[in-house]
Amino acid sequence: MALRMWASSTANALRLSTSCRPHFSPLSRCFSSVVDGLKYANSHEWVKHEGAVATIGITDHAQDHLGEVVFVDLPDAGGSVAKATGFGAVESVKATSDINSPISGEIVEVNSKLSETPGLINSSPYEDGWMIKVKPSNPSELESLMGAKEYTKFCEEEDASH
């Protein structure tokens, strides 16, 4: 019994200490982190645009709501994605969720680490847990996405309505 209580309190302490990732400079409460400099879709994907390539993944908020990710279905490099359409799926212990592309373009790279270690989406959604890299076909689509402050407000309002 004492061991179970210790394990439970340790798990809770770890969950609390990792639920807010200060090296990402969260803008709001610690329910999830939001990174400055990224763009966000209302379907909870993020985009990091660097030069001719945009990296796409799901947000910390999304992975937190999904729970432990156990499987990721991603497309092959060389294909294309269209804004607001699905390009893959994430299966967690709670649910399976489609992943939508926030922008259109050609897939130039897929994160192959996710097939063997899908939990990277939980542990590092903005770094090691990225999903695809895209060469945008219409870079102006990035302008319609939210910045960090807008996305934080969007998440707070969405959570309040549930």
Side-chain angles (χ1 to χ4, degrees), residues 14-69 72-75 77-90 92 97-115 117-162:
L14 289 172
R15 192 173 310 118
L16 289 174
S17 66
T18 60
S19 66
C20 185
R21 296 173 182 86
H23 63 282
F24 285 126
S25 305
L27 294 174
S28 186
R29 55 194 166 123
C30 290
F31 73 93
S32 62
S33 56
V34 175
V35 180
D36 275 322
L38 300 183
K39 293 293 203 166
Y40 299 88
N42 61 5
S43 53
H44 302 288
E45 292 85 16
W46 57 265
V47 180
K48 181 178 185 180
H49 190 222
E50 296 177 301
V53 176
T55 304
I56 298 172
I58 65 169
T59 65
D60 189 36
H61 185 76
Q63 72 77 26
D64 186 51
H65 281 273
L66 282 169
E68 181 186 353
V69 175
V72 181
D73 180 30
L74 295 174
S80 62
V81 291
K83 181 179 178 165
T85 61
F87 68 82
V90 175
S92 73
S97 239
D98 289 337
I99 309 161
N100 295 318
S101 184
I103 58 172
S104 302
E106 176 191 351
I107 302 167
V108 295
E109 189 176 349
V110 175
N111 188 349
S112 59
K113 291 180 186 177
L114 295 179
S115 61
T117 316
L120 289 172
I121 291 171
N122 298 113
S123 62
S124 183
Y126 299 114
E127 292 177 346
D128 298 330
W130 64 272
M131 296 181 167
I132 60 174
K133 293 188 179 188
V134 172
K135 181 180 177 184
S137 58
N138 186 359
S140 66
E141 289 176 340
L142 291 161
E143 296 168 18
S144 66
L145 300 173
M146 293 177 270
K149 289 181 181 178
E150 295 84 7
Y151 180 68
T152 299
K153 183 178 179 185
F154 174 80
C155 290
E156 288 172 346
E157 290 171 354
E158 186 179 70
D159 284 349
S161 70
H162 286 87

Residue set satisfying side chain to side chain donor-acceptor pair (under 3.5 Å) with E158, at least two apart, ordered chain then number -> H44
Under the side-chain contact (heavy atoms from CB on, under 4.5 Å) test, which residues partner S80, sequence neighbours left out? none
Are the side chains of M131 and I121 in touch, meaning some heavy atoms are under 4.5 Å apart? yes
Taking only distance into account, with no hydrogens and no angle test, what donor-acceptor pairs under 3.5 Å do side-chain atoms of residues 46-57 form with protein atoms, sequence neighbours excluded?
| residue | atom | partner | partner atom | Å |
| --- | --- | --- | --- | --- |
| W46 | NE1 | I58 | O | 3.0 |
| W46 | NE1 | P125 | O | 3.1 |
| H49 | NE2 | G51 | O | 3.2 |

Who pairs with N138 by side-chain contact (heavy atoms from CB on, under 4.5 Å), at least two apart in sequence or on another chain? S140, E141
Sequence-distant partners of T117, side chain to side chain donor-acceptor pair (under 3.5 Å), two or more places apart: none
For P118 and V72 the tightest heavy-atom approach is CB-CG2, 3.8 Å
Test your reading of the model: is there a side-chain donor-acceptor pair from N122 to the backbone of G67, 3.5 Å cut-off? yes
Contact check, side chains of D60 and V35, non-hydrogen atoms, under 4.5 Å: no
Could I get the full list of ring pair (Phe, Tyr, Trp, His ring centres under 6.0 Å) partners for Y40, not counting sequence neighbours? Y151
Quiz: residues 107-115 side-chain donor-acceptor pairs under 3.5 angstrom, not counting sequence neighbours:
| residue | atom | partner | partner atom | Å |
| --- | --- | --- | --- | --- |
| N111 | OD1 | K113 | N | 3.1 |
| N111 | ND2 | D128 | O | 2.8 |
| N111 | ND2 | W130 | O | 2.7 |
| S115 | OG | S112 | O | 2.9 |

For H65 and D159: C-alpha separation, side-chain torsions, deciding distance, then whether side chain to side chain contact (heavy atoms under 4.5 Å, CB included) applies. CA-CA 10 Å; H65 281 273; D159 284 349; 3.4 Å; yes
In Å, rounded to the nearest 0.5 Å, how long is the span from OG of S123 to CD of Q63? 8.5 Å
If you look only at pairs with a residue in residues 78-89, which of them pass as a salt bridge (Lys or Arg N to Asp or Glu O under 4.0 Å), with sequence neighbours excluded? none
K133: which residues meet the side chain to side chain donor-acceptor pair (under 3.5 Å) condition with it, sequence neighbours left out? none
Partners meeting ring pair (Phe, Tyr, Trp, His ring centres under 6.0 Å) with F87 (sequence neighbours left out): none
To the nearest 0.5 Å, how far apart are CG in L120 and CD in E127? 11.0 Å
Let me confirm one number: the CD-NE2 distance from E156 to H61, rounded to the nearest 0.5 Å. 9.5 Å
Check side chain to side chain donor-acceptor pair (under 3.5 Å) between S43 and all other residues, then give those that pass, not counting sequence neighbours. E45
Is it true that a side-chain atom of T152 and a backbone atom of A148 form a donor plus acceptor pair closer than 3.5 Å? yes
